[in-house]
Amino acid sequence: MTTIAGRLLVADSTTRQMTLRPGTIRISDGRIKDVILEEDAITTTDGFRPLTPGEQIVCPGFIDAHLHLSQFGIIGAHGLPLLKWLDQVTFPAERSWQDENFARETTRSVLTQLLSFGTTSFCGYTTVHHDSAIAALEVASQMGFRGHIGQVLMDRNAPSDLCRETNQLIDEAAETLNRFPSTAEMAAAVTPRFAITCSPQLLESAGVLAAQQTAAIQTHLAETEQECASVAELFDSARYVDVYQQAKLLTPRTILGHGIHLDALDRQTLATHGAVIAHCPTANQFLGSGKMNRQALDQAQVNVVLGSDIGAGYERSMVSVARAAIETAASLGNTHLTAASAWYDITAGAADALGWDDVGQLRQGCRADVVVIQPDVTTQMQGHDSVIDPLSQLMFAWDDRWVKQTYLRGQSVWGG
């Protein structure tokens, strides 16, 4: 039995926010056995208990809903728009994954990095190389992560050595799903890269396969205006969202990266089908792709999760990504996104949107994926109560060195 005490980051599903409560969790057999919450005797009249340097904060493991395992080595390739960045930086880097051993060791290194930042669940892309995708899934499963990994599917408009014949890709994706089914804690996902690199036949076949296997679907949507224009040219002036809808790729299991350049009709279509947008604010800023209107998506009742989008994204920490989401919303005049709701986005909110009922919360029966942090800041003020929300200070003063220990399924796998 492992016992961890401190201030617990606790989910409120009604308000879709997190709160800090003093308490203790007990872990047994990889699961949270008990959560004991205590009365907070020193909460101030303003409702905020001040942070104390060195105190222990206990969080659910963070969830990154959109990243590329093959791109951690290209962080920082600045100054290029999306399509040029793919051609000049990304595709050359992805060729390295034709070596299965390279892919295996890279995955292990990448996932160790994620643990150091407190990420314990993720949705990831590999490359077009089938054996390397299998290797990545094996490593992630062995290490104890929760999530999805998908072999990228491309059959056109990419370097010829990174494209595959359509039927081969679908056969490989089906084989991967047989080995790592949707019911597995680390499952395969059907992953057409985006409409530009996929023929109509490939998109339609991917939709059929995902439906047959009840599999998660990952792809990209409306990241840049140039991309949207290219899709219209390739698909007889069809709306980008409709291209995926017609291929039956819009489902409650679908995670669409970016979703920046959408209008009201697009958002309505996404909401009707229950598809999820993975908001990647640091990547959007880095490539100059635009700013996603989170408030409009929320009002349309489209589920939104957060992703690092490494390697266009440059922040490996999901807390930093959440902070960037707040800053993006504020720059558009939207103030509804708070620190408490952003913490929810990278924990319980993401788990709920992705259909994972065993992660994202410090709750009895959940996997014991836990992050212990020790901040070195304080909201104590001499002579009067603090008016600073400690969750806001934790997010905006965030230092990755605060992560002292990360647990996967109750085992300490980083720090400590």
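It should be emphasised that the depicted structure is a prediction, and the values quoted were computed from it without experimental measurement.
- A salt bridge links Asp358 to Arg146: at least one charged side-chain nitrogen sits closer than 4.0 Å to a carboxylate oxygen.
- Within a 6.0 Å radius of CD in Glu225, other residues, nucleotides and ligands contribute 12 heavy atoms or fewer.
- A distance of 10.0 Å separates NE2 of His66 from CD1 of Ile255, quoted to the nearest 0.5 Å.
- Salt-bridge check for Arg294 with Asp345: passed, with a basic side-chain N closer than 4.0 Å to an acidic carboxylate O.
- Here the side chain of Arg21 pairs no donor or acceptor atom with the backbone of Leu8 at under 3.5 angstrom.
- With hydrogens and angles disregarded, a donor-acceptor distance shorter than 3.5 Å links the side chain of Glu165 to the backbone of Gln168.
- Looking at Asp266, its side chain never comes within 3.5 Å of a backbone N or O of Val241 through a donor-acceptor pair.
- For the pair Ser141 (side chain) and Glu138 (backbone), a donor-acceptor distance under 3.5 Å is absent.
- How far CG of Asp12 is from CD of Gln17: 7.5 Å, rounded to the nearest 0.5 Å.
- Residue-environment remark: CZ (Arg156) exceeds the threshold of 12 foreign heavy atoms within 6.0 Å.
- Nearest approach of Phe235 to Cys198, heavy atoms of both residues: CZ-O, 3.6 Å.
- The backbone N or O of Ala103 lies less than 3.5 Å from a partner atom in the side chain of Thr107, making a donor-acceptor pair.
- No donor-acceptor pair under 3.5 Å is formed between the side chain of Arg253 and the backbone N or O of Leu250.
- Summarising the geometry of Ser412 relative to Tyr407, their closest heavy-atom pair is N-CD2, 3.6 Å, with the distance given to 0.1 Å.
- Of all heavy-atom pairs between Gly313 and Thr282, the closest is CA-OG1, 3.8 Å.
- Contact of the Ile277 side chain with the Leu221 side chain is registered, since non-hydrogen atoms from C-beta on lie closer than 4.5 Å.
- Within a 6.0 Å sphere centred on CD of Glu55, heavy atoms belonging to other residues, nucleotides or ligands number more than 12.
- Between the side chain of Gln218 and the backbone N or O of Gly124 there is at least one donor-acceptor pair closer than 3.5 Å.
- In this structure, Gln411 places its CD atom where only 12 or fewer heavy-atom neighbours from other residues, nucleotides or ligands lie under 6.0 Å away.
- Inspection of the Ser341 and Thr338 side chains reveals an N or O donor paired with an N or O acceptor under 3.5 Å.
- Side-chain atoms of Thr254 come within 3.5 Å of backbone atoms of Leu249 as a donor-acceptor pair (strictly under, hydrogens ignored).
- Remark: the backbone N or O of Leu202 is not paired with any side-chain donor or acceptor of Ser205 at under 3.5 angstrom.
- Taking a cutoff of 4.0 Å between a charged side-chain nitrogen and a carboxylate oxygen, Arg367 and Glu185 qualify as a salt bridge.
- No salt bridge links Asp400 with Arg316; every basic N to acidic carboxylate O contact stays at or beyond 4.0 Å.
- Judged by distance alone, with hydrogens and angles left aside, the side-chain atoms of Thr219 form a donor-acceptor pair with the main-chain N or O of Arg193 at under 3.5 Å.
- For Phe145 and Phe122, the gap between ring centers is short of 6.0 Å.
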Leu408 and Leu115: CA distance, side-chain angles, deciding distance, side-chain contact (heavy atoms from CB on, under 4.5 Å) verdict: CA-CA 9 Å; Leu408 274 179; Leu115 292 173; 3.8 Å; yes
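- Checked by atom type, the side-chain pair Gln98/His129 shows no donor-acceptor distance below 3.5 Å.
- Glu227 and Tyr240 are linked by a side-chain donor-acceptor pair at a separation below 3.5 angstrom, with hydrogens and angles left out of the test.
- In this structure, Asn293 CG and Ile260 CD1 are separated by 11.5 Å, a value rounded to the nearest 0.5 Å.
- Nearest heavy atom pair, residue Ala368 against residue Ile32, reads CA-CG1, 4.0 Å.
- By the 30° and 60° cut-offs, the orientation of the rings of His258 relative to His220 is parallel.
- Rounding to the nearest 0.5 Å places CD of Gln393 at 13.0 Å from CH2 of Trp398.
- Interatomic distance, Leu69 CG to Ser132 OG, rounded to the nearest 0.5 Å: 11.0 Å.
- Ala351 and Val359 make their closest contact through CB-O, 3.3 Å (heavy atoms, listed as atom of the first residue, atom of the second, distance).
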Trace of the side-chain contact (heavy atoms from CB on, under 4.5 Å) decision for Leu362 with Val58: CA-CA 9 Å; Leu362 301 179; Val58 185; 4.2 Å; yes
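- Annotation for Pro281 and Val321: closest pair CG-O, 3.5 Å, computed over non-hydrogen atoms.
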